[in-house]
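Since the structure comes first, as structure tokens, the remarks are kept for the end.
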Amino acid sequence: MQNAPRLSADSTVQEGGTINVRVTSSVRELSVFIPGHGSRQIRVVNGRAEIPVPPDVPGGSQILISDLLVPDPFSITVDVVGGEHR
């Protein structure tokens, strides 16, 4: 039986939207890479983290989110889709 993933989010987010990430209790912080904006750390509070997507990140971009837990880090990608900011 496979373990449930340590973090999850919707697979897409609108341009300028917010990614809502759900995490397990073992995760305290997430590493987020947003194209054109680099990496940053986002704190997890009560099993949730919110990641605002800057409005200049265009549709078609992919945002990488990782828990960076050693020795077996878990990562997901979220696709940015076109929205009002085009």
Side-chain angles (χ1 to χ4, degrees):
M1 185 172 172
Q2 193 174 22
N3 292 335
R6 292 189 299 253
L7 58 112
S8 63
D10 290 340
S11 61
T12 62
V13 64
Q14 289 285 328
E15 290 177 347
T18 300
I19 303 169
N20 294 300
V21 183
R22 297 161 300 283
V23 302
T24 63
S25 60
S26 63
V27 179
R28 303 278 182 236
E29 191 173 59
L30 299 174
S31 175
V32 180
F33 175 77
I34 300 175
H37 294 269
S39 294
R40 58 180 153 163
Q41 304 302 109
I42 303 291
R43 187 161 43 162
V44 173
V45 178
N46 295 327
R48 297 202 177 277
E50 291 186 349
I51 303 165
V53 178
D56 63 332
V57 177
S61 299
Q62 287 191 323
I63 296 174
L64 177 65
I65 304 168
S66 178
D67 61 17
L68 296 180
L69 293 179
V70 177
D72 185 26
F74 187 83
S75 300
I76 61 173
T77 57
V78 176
D79 294 321
V80 179
V81 295
E84 300 173 11
H85 301 285
R86 289 194 158 240

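Keep in mind that what you see is a predicted model, and the values were worked out from it rather than measured. Excluded from the calculations below are hydrogen atoms, water molecules and symmetry mates; all remaining heavy atoms, backbone and side chain alike, are included.
Put simply, the side chain of S75 does not reach to within 4.5 Å of the side chain of I65, judged on heavy atoms. Within the 4.5 Å cutoff, side-chain heavy atoms of I63 are placed close to those of V53. Contact of the V44 side chain with the L30 side chain is registered, since non-hydrogen atoms from C-beta on lie closer than 4.5 Å. Residues D67 and P73 form a side-chain contact, since some pair of their non-hydrogen atoms from C-beta on lies under 4.5 Å apart. Inter-residue side-chain proximity for P35 and Q62 is flagged as unmet; no heavy-atom pair is nearer than 4.5 Å. The side-chain heavy atoms of V80 and Q14, taken from C-beta on, include no pair separated by under 4.5 Å.
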Query raised in the report: Please walk me through it: do R43 and R28 pass side chain to side chain contact (heavy atoms under 4.5 Å, CB included)?
Result: CA-CA 6 Å; R43 187 161 43 162; R28 303 278 182 236; over 6 Å; no
Query raised in the report: side chain to side chain contact (heavy atoms under 4.5 Å, CB included) between L7 and I76: does it pass, once the steps are laid out?
Result: CA-CA 8 Å; L7 58 112; I76 61 173; 3.3 Å; yes
Query - Evaluation steps, side chain to side chain contact (heavy atoms under 4.5 Å, CB included), between V81 and V13 - result: CA-CA 6 Å; V81 295; V13 64; over 6 Å; no
Requested in this report: Apply the test side chain to side chain contact (heavy atoms under 4.5 Å, CB included) to residues F74 and L69: give CA-CA distance (whole Å), side-chain angles for both, the deciding distance (0.1 Å), then the verdict.
Outcome: CA-CA 7 Å; F74 187 83; L69 293 179; over 6 Å; no
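In the hydrophobic clustering of this structure, V23 groups with I42; members are Ile, Leu, Val, Met, Phe, Trp, Tyr whose side-chain heavy atoms approach within less than 4.5 Å, directly or through other members.
Of all heavy-atom pairs spanning S26 and R6, the tightest one is OG-CD, 4.0 Å. T24 and P5 get closest at one heavy-atom pair: CG2-O, 3.8 Å.
Open room surrounds CG on N46; 12 or fewer heavy atoms of other groups in view lie less than 6.0 Å from it.
In this structure, the separation between CG on L64 and OG on S39 is 8.0 Å, given to the nearest 0.5 Å. The CD1 atom of I34 sits 6.5 Å away from the CD1 atom of I19 when rounded to the nearest 0.5 Å. The CD atom of E50 sits 6.0 Å away from atom OG1 of T18, with the distance rounded to the nearest 0.5 Å.
Using modelled atom types, no side-chain atom of E29 and backbone atom of Q41 make a donor-acceptor pair closer than 3.5 Å.
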